[in-house]
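Since the structure is predicted, the reported quantities are computational estimates derived from the model, not experimental observations. In what follows, chains are A, B, ... by sequence order, proteins preceding strands, each numbered from 1.
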Amino acid sequence: MSQLDFENSLNDQQLIAVNCNEGNKLVLAGAGSGKTRVLTYRIAKLIQDFNVRPSDVLALTFTNKASREMKDRIESILKISSQGLWFGTFHGICRRILKIHWREAELSERFTILDSQDQLRLIKRILKGNNYDEKLYDPKSIQSFINRKKDNGHRSDNISDKDDEVYVAIFKEYENILKQTMSVDFADLILKTYELFLSHNQILNYYIKRFKHIMVDEFQDTNLLQFKLLKLLNNDTGSLYAVGDDDQSIYGWRGALSKNIRSFTDQFTDVEIFKLEQNYRSTNKILKVANSLISHNKNRLGKELWTASERGETVKIFEAYNNDEESSFIVDKIKMLERDGYKKSEIAILYRNNFLSRRLEEELNGRGIPYIIYGGFRFFERSEIKDMIAYLRVIVNPDDDSAFERTINNPPRGIGQKTIDIIRKFAKADNRSLWKTIKSFQNQNNDEISSRVKTSLTNYISLIEIISNEINDLSLDEILVKIYKESKLKSYYSEQKGEEAISKQENIEELFITAENFIKNNYDSENIIDDFLDNAALEAGDYQSKLDNDPVQLMTIHSAKGLEFPVVFLTGLEEGIFPNENRKSGEDFLEEERRLCYVAITRAMKSLYITFANARYLHGSYNYLMPSRFISEIPDELLESVKSDNYQHVKSKNVIPMRKKDDHKHGFKIGQRVKHQKFGSGVVLSYEGEDDNLKLYINFEDYGSKWLVLTYAHLEFL
DNA sequence: TTGTAGCCTTTTTTT
DNA sequence: AAGGCTACAA
């Protein structure tokens, strides 16, 4: 075994954190301080010098990308195999455990994983089935209610009496259906594993013994249940090695508790804490920008990153007229950076939400620059792919109602809403799945179902059964090809004209290739179909415009966490978009947005461009927007304002000039203070429409942000 | 009853 | 821009 040179690969602080004895450790590590480096070298240290077997180690992350990244790094520094070492996301690892102990977990061997889309559909169906008004009971808030409960370890029979009765009733029915249809949702993967451990001591003990060393990256992202799970596995005898940074906590909306970092010392025994405050990633100037921004947050454990690296270039800020100008500026710069010797894959474009990528994609496409999008319009979320996957799901598990409903009349085969409602009614009455219900129609007369529909149902049943029977003789990709043909989806799409149908067909062809690759990469899989399905639910699949080995990297800030790039473009810095104001804007929420911005800034190693646009197409219409408050929270002297004309770099004191076009014929400006009879005083954030239809978006001090029609609002301009 | 064209609403972030 | 919903034709 070749000896690793720990001394020369790590600085003093890092070395202490890597060389420590076994036991519970907490590494508080700032952005770019070599967090993942420490984690990977620690694993190497355990295996090399502490004689720990790889199979004694469990390495947990939050995103699939982070997990792959860690695995790659470990395998490149460890010259020995990491075989037996479990890498994965919390969800992925729990799925693996549940697949092994499905019987004890009271699951079916081939349970289905519902993604959030499936979950939402199911909730809508329950609402409809009970005649609840969707306006009164918003499906999305019910979805987050259920998820929040489960993330905190509660099921519907274990709920506080403060909760809305209807919500609880829907939660109950929801759980019932999951059970009936042998499905689990994302939260279930964790919760079922937790419950399995609580109810089966011998299983828990096995894993306590097995995972003597548990490593957790991004510890600030753990939720209550994940924390409890770690505590169970730790059992006061194991060693948990957690790495985290409260300033990078950006999953509060998903139930993550950054205070888990603080609870760590109380809840685990003899915790030793290490701090890594030296940043190796970014230049001094980038770091200063990051530090000045995050200092506006009150709720921090407190730490100041420093760096010994060069001062570097000043962070650039670009004010675009609209999103067209923003994207063409970025592509201009990319071409320039390429001439300067940067590889395209060293350049990342980051944005707050996925739809902001669209205009950027167009521009990149139009000007022949290859790119890859991580997440975003996910491959496995495309409707035609979901359709194909749904067929595969029905074949594996016909009781999977969500997949059944997706496939029963797709392509149209004469089974409409009415029929489906009838099937549902019987299914609910008999407490069984939709599939079992239509099977029972075959051998009994039912006057609610016409003979024509009955034939259609029988055809559907035999379609599924015929493919099921051949499942053992065919490979995964052959099964998919067969589904495509036999389901008539193939002829359905090819009869349609238009670009959309063509692109759908192409995507399905792509799915066949994905399946082939999946077989190659998982040759040791015991059940390739199940693994493929779970992979489709748990892993989104990245989308690449065309195959190229040097693409520009596009992703949301959330998925950029943990990564670094020599050049970063941080786009869409406008009020309403970033900070995003879709949810109620409490102080906590704003701080999380600010941390998100901090994460974005600290991804950059050498140069950082921040861009914002005065106007942008949003939801189909043209909107005027204010620059993000985050820009004004960064001291002017740390930013250099650049013009789209490449050669004219103008240093400006006033980074956010008042724009001429804000002066509107109605006599108000964006940023103008106004007074309303009922809502009191506020500030104009943006406007839309003209003349009598002119609507103002006003942020009232006491009532929050509202759209008001100018003609009716009787506003007083102050 | 089903299929579909066109209207209406609605968009955070990930597993 | 895309999905859901409604109204209407077949």
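Checking B/dT2, B/dT14, B/dT15 against every side-chain atom of A/Leu538, the shortest atom distance belongs to B/dT15. Picking from B/dT15, C/dG4, B/dT12 the nucleotide with the shortest atom distance to the side chain of A/Asn64 gives B/dT15. Of all nucleotides listed (B/dT13, B/dT2, B/dT15), B/dT15 comes nearest to the side chain of A/His91.
In terms of phosphate contacts, A/Asn354 brings a side-chain nitrogen or oxygen within less than 4.0 Å of OP1 or OP2 of B/dT14. For A/Thr419, no side-chain nitrogen or oxygen approaches OP1 or OP2 of B/dT1 to under 4.0 Å.
Straight-line distance from the CE atom of A/Met555 to the P atom of B/dT14: 11 Å, rounded to whole Å. With rounding to whole Å, A/Phe589 atom CZ is found 12 Å from B/dT13 atom P. Rounded to whole Å, atom C1' of C/dG3 lies 19 Å from atom CZ of A/Arg125. Atoms OH (A/Tyr351) and P (B/dT13) sit 10 Å apart, rounded to a whole Å. In this structure, the CG atom of A/Asn623 is 13 Å from the P atom of C/dA1, given to the nearest Å. If you measure from atom NE2 of A/His558 to atom P of B/dT11, you get 17 Å, rounded to the nearest angstrom. Atom CD1 in A/Ile385 sits about 16 Å away from atom P in C/dA2, given to the nearest Å. Rounded to whole Å, atom P of B/dT15 lies 13 Å from atom CD1 of A/Ile113.
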Tabulate protein N/O versus nucleotide N/O from nucleotides 5-10 of chain C, keeping only pairs under 3.5 Å, one per line.
none

Distances for protein N/O vs nucleotides 3-5 of chain B N/O pairs under 3.5 angstrom?
from	atom 1	to	atom 2	distance (Å)
B/dG3	OP1	A/Gly414	N	2.9
B/dG3	OP2	A/Asn409	ND2	3.1

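Stacking annotation: A/Trp253 is stacked on the base of B/dT13 (ring centroids less than 5.5 angstrom apart, interplanar angle below 30 degrees).
With sequence neighbours excluded, the residues forming a side chain to side chain contact (heavy atoms under 4.5 Å, CB included) with A/Lys490 are A/Tyr484, listed by chain and number. For A/Asp387, the side chain to side chain contact (heavy atoms under 4.5 Å, CB included) test picks out A/Arg406, A/Asn410, A/Leu489, A/Tyr493, with sequence neighbours left out. Residues that satisfy the side chain to side chain contact (heavy atoms under 4.5 Å, CB included) test with A/Lys425, not counting sequence neighbours, are A/Glu448. In this structure A/Arg155 satisfies the side chain to side chain contact (heavy atoms under 4.5 Å, CB included) test together with A/Lys150, A/Asp157, A/Glu175, A/Asp188, A/Leu191, A/Lys192, A/Glu195, sequence neighbours excluded. Legend: residues meeting salt bridge (charged side-chain N to carboxylate O under 4.0 Å, His left out) with A/Asp534, ordered by chain and number and at least two apart, are A/Arg95, A/Lys99. With sequence neighbours left out, the side chain to side chain donor-acceptor pair (under 3.5 Å) criterion links A/Ser525 to A/Asp531.
Contact detail for A/Ala31 and A/Arg603: the closest heavy-atom pair is CB-NH2, 3.9 Å.
Counting only heavy atoms from C-beta outward, the side chains of A/Ile557 and A/Phe578 approach each other to under 4.5 Å.
Between A/Asp401 and A/Arg424, no side-chain nitrogen of the basic residue sits less than 4.0 Å from a carboxylate oxygen of the acidic one, so the salt-bridge criterion is not met.
The base of B/dT15 does not come close enough to the side chain of A/Arg254 for any donor and acceptor atom to sit less than 3.5 Å apart.
Among the heavy atoms of the strands, none lies under 4.0 Å from A/Phe90.
Between A/Gly92 and A/Lys418, the residue anchored nearer the 5' end of DNA chain B, judged by the nucleotide with its closest heavy atom, is A/Lys418.
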Review item, side-chain donor-acceptor pairs of residues 251-260 of chain A, under 3.5 Å, at least two apart:
from	atom 1	to	atom 2	distance (Å)
A/Trp253	NE1	A/Ile250	O	3.0
A/Asn260	ND2	A/Thr222	O	3.0
A/Asn260	ND2	A/Thr222	OG1	3.0

